[in-house]
Amino acid sequence: MSLSRMFLLAKRHFVSFARHNTMKKLANLCRVYYHYFRGSTTVKGHPFEIIIDPVNMCNLKCPLCVTGQGKNTRKLGIMPFENLKKIIDELSPWLYKVRFYSWGEPLLHKDIYSMIAYAAQRNIATEMSTNFTRSSPADLGKLIDSGLENLIVSLDGASEATYSRYRVGGSFKVVVENIRTLIQQRKARQRRYPEVEVQFLVMKHNEHEIDAIRELAEELGVDRIRIAPLTVNVNDTEQAYTWLPRDEKWSRYSYGNYDDKVYTKRKRCEWLWRSMVFNWDGSVSPCCVYEGPKSDLGSVQEASLQEVWNNEQYRSARGVFNENQKSGSEPHTICGRCKGIPRALEKDQHGLY
């Protein structure tokens, strides 16, 4: 991970911590990390940051996205508002942040503004990532009023031709205008939030526009611009050749052997001690790397969140990182395949997707 990326994440987490901290949350955070550093398989604490996937559908057809290409292995659906309330009600005393995105476009959910507001009103930071192609001026007002703190907008081009090469079905003009209007409305209402971050995935066809996207971001008045590496299936040489940038410094892979520079060595995965991912159907996954039921460790439709948090599957997943963990008797989980180093389409991991 680059130093700039680490700084951006640290700053974002610190702001959420400082703005939403309570003594109860701080005590829970300390308990969680006590168990993390000990490698405890049972965590006598609660997750303090979660991902909620409101909907696993999208209006775009991005070529490298499992959802955009209709290759989801999880049934498509929309999370009922009542399920969201159950999750927030049970975890809100300990939560610093909720991220409203994973495998779909969150703005496709008719209740997304109410969902965000439900979390924000309970002293929780809220974040959403969107392609931002489905918002009207009225919707932008709802987004501001919802209490959303961080808005990440995918904008992989500084021109229509470049943008539409990857964001198939999207409109560069619409996204730019939505960003501009949101920031204008935010200023008119004298609001600080949501802070807007433009995310630009670097690819072969758009790397020549890196300077231009920075200039555009400055002209729009966004709060942050993130130039991010693209994830591909490096076992598919045609895919790697078509999409990876020519300049290796913008790639997450080392050219020649295609080793992943982000995941270089096995280490204890914090997600299993500090976070949970809630899919639209109530199933719970340990992280957002793997799509589909193969990653599920339980379901809030069948048990309380705390029961899932320390069930046999979760304890087995955490035990993967303990050298004295016995193998063969514990439940099989995606974490036993990954072991902290996810790889695209490795047979024993059943692929990133």
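One-based numbering along the sequence shown. All figures in this text were calculated on a predicted structure; none of them were measured in a lab.
Each of V168 and V202 belongs to its own hydrophobic cluster when Ile, Leu, Val, Met, Phe, Trp and Tyr are linked at side-chain heavy-atom distances under 4.5 angstrom. Side-chain heavy atoms closer than 4.5 Å link hydrophobic residues (I, L, V, M, F, W, Y) into clusters, and following such links, possibly through other members, connects W273 to L26. Both F200 and W250 are members of a single hydrophobic cluster when ILVMFWY side chains are connected at heavy-atom separations under 4.5 Å. Cluster annotation: L29 and I50 are assigned to the same hydrophobic cluster (Ile/Leu/Val/Met/Phe/Trp/Tyr, side-chain heavy-atom contacts under 4.5 Å, transitive). Residues L182 and Y113 fall within the same hydrophobic cluster, defined by Ile, Leu, Val, Met, Phe, Trp and Tyr side chains chained together at heavy-atom separations under 4.5 Å.
Formation of a donor-acceptor pair under 3.5 Å by the N206 side chain with backbone atoms of T162 is not found in this model. Side chain of R214 to backbone of I225: no donor-acceptor contact under 3.5 angstrom is found. The backbone N or O of G170 sits nowhere less than 3.5 Å from a side-chain atom of Y163 that would complete a donor-acceptor pair. Here the side chain of W103 pairs no donor or acceptor atom with the backbone of G292 at under 3.5 angstrom. Side chain of N56 to main chain of G104: no donor-acceptor pair is present (N/O by atom type, distance under 3.5 Å, no hydrogens or angles). For the pair D111 (side chain) and F81 (backbone), a donor-acceptor distance under 3.5 Å is absent. Not a single donor-acceptor pair under 3.5 Å links the side chain of Q239 to the backbone N or O of V232. No side-chain donor-acceptor contact under 3.5 Å links E209 to the backbone of G157. At distances below 3.5 Å, not a single donor-acceptor pair connects side-chain atoms of E127 with backbone N or O atoms of L151. At least one donor-acceptor pair under 3.5 Å links the side chain of R318 to the backbone N or O of T41.
Every residue two or more places apart in sequence or in another chain that forms a side-chain hydrogen bond (donor to acceptor under 3.5 Å, both in side chains) with E238 is listed here: T242.
Taking 4.5 Å as the limit, some side-chain heavy atom of L297 sits within range of a side-chain heavy atom of T333. By the 4.5 Å heavy-atom criterion applied to side chains, L143 and M128 are counted as neighbours. Looking at heavy atoms from C-beta onward, K44 lies out of side-chain contact with Y34 at the 4.5 angstrom threshold. Proximity of L84 to F278: side-chain heavy atoms (C-beta onward) are nowhere separated by under 4.5 Å. The closest side-chain heavy-atom distance from K142 to D145 is not below 4.5 Å. Between Y314 and M276, the closest side-chain pair of non-hydrogen atoms falls below 4.5 Å. Two residues are said to be in side-chain contact when any heavy atoms from C-beta on lie closer than 4.5 Å; I227 and I213 meet this criterion. Looking at heavy atoms from C-beta onward, D53 lies out of side-chain contact with M79 at the 4.5 angstrom threshold.
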Exercise. Going through the distances and angles, do E291 and T73 end up as a side chain to side chain donor-acceptor pair (under 3.5 Å)?
Worked result: CA-CA 7 Å; E291 190 277 334; T73 57; 2.9 Å; yes
For this session: Given side chain to side chain donor-acceptor pair (under 3.5 Å), test T133 with R167 step by step and report yes or no.
Result: CA-CA 10 Å; T133 62; R167 299 290 169 180; over 6 Å; no
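With respect to the salt-bridge test (charged N to carboxylate O, under 4.0 angstrom), the residues K75 and D281 do not qualify. Taking 4.0 Å as the cut-off between side-chain N and carboxylate O, E312 and R315 do not count as a salt-bridged pair. We find that K173 and E160 are not joined by a salt bridge, their nearest charged nitrogen and carboxylate oxygen being 4.0 Å or further apart. By the 4.0 Å N-to-carboxylate-O rule, R165 lies too far from D156 to be salt-bridged with it.
Sorted by first and then second residue, the salt bridge (Lys or Arg N to Asp or Glu O under 4.0 Å) pairs involving residues 246-257 (not counting sequence neighbours) are E207-R246, R252-D260. Residue pairs meeting the ring pair (Phe, Tyr, Trp, His ring centres under 6.0 Å) criterion with at least one partner in residues 217-245, sequence neighbours excluded, are Y166-W243, H205-W243.
The minimum heavy-atom distance between L148 and T126, with the atom names listed, is CA-OG1, 3.2 Å. The minimum heavy-atom distance linking Q301 with G282 is given by the pair CG-CA, 4.1 Å. Across C335 and A317, no two heavy atoms sit closer than the pair SG-CB, 3.6 Å. Across all non-hydrogen atoms, the minimal contact from P286 to L272 is CB-CD2, 3.6 Å. Contact record, R186 with D223: NH1-OD2, 2.9 Å, taken as the closest heavy-atom pair. Contact detail for A228 and Q199: the closest heavy-atom pair is CB-CG, 4.4 Å.
A side-chain donor from one of R337 and H332 sits under 3.5 Å from a side-chain acceptor of the other. Of the N and O atoms on the side chains of N131 and N59, at least one donor lies less than 3.5 Å from an acceptor on the other residue. Looking at S102 and N279, their side chains never bring a donor and an acceptor atom within 3.5 Å of each other. A donor-acceptor pair shorter than 3.5 Å can be found between the side chains of D139 and S136. With no hydrogens or angles considered, a side-chain donor-acceptor pair links D259 and N257 at under 3.5 Å.
Within 6.0 Å of atom CZ in R134, 12 or fewer heavy atoms from other residues, nucleotides or ligands are found, so the atom counts as exposed in its surroundings. Within a 6.0 Å radius of NZ in K61, other residues, nucleotides and ligands contribute 12 heavy atoms or fewer. No more than 12 heavy atoms of other residues, nucleotides or ligands lie within 6.0 Å of CD in E218, so this atom counts as exposed by the packing criterion.
In this pair, Y33 and F37 present their aromatic rings tilted. The plane angle is within the 30 to 60° band.
Taking the ring centre of Y118 as origin, the terminal cationic atom of R122 falls inside the region bounded by 6.0 Å and 45° from the ring axis. Geometrically, K25 engages Y96 in a cation-pi contact defined by less than 6.0 Å to the ring centre and at most 45° from the axis.
Through direct or relayed side-chain contacts under 4.5 Å between Ile, Leu, Val, Met, Phe, Trp and Tyr, I78 connects to V55, M57, L76, L108. The other members of the hydrophobic cluster of W271, by chain and number, are I51, V277 (side-chain heavy atoms under 4.5 Å, ILVMFWY only). Membership of an apolar cluster is not assigned to V174, as no side-chain contact below 4.5 Å to another ILVMFWY residue is traced.
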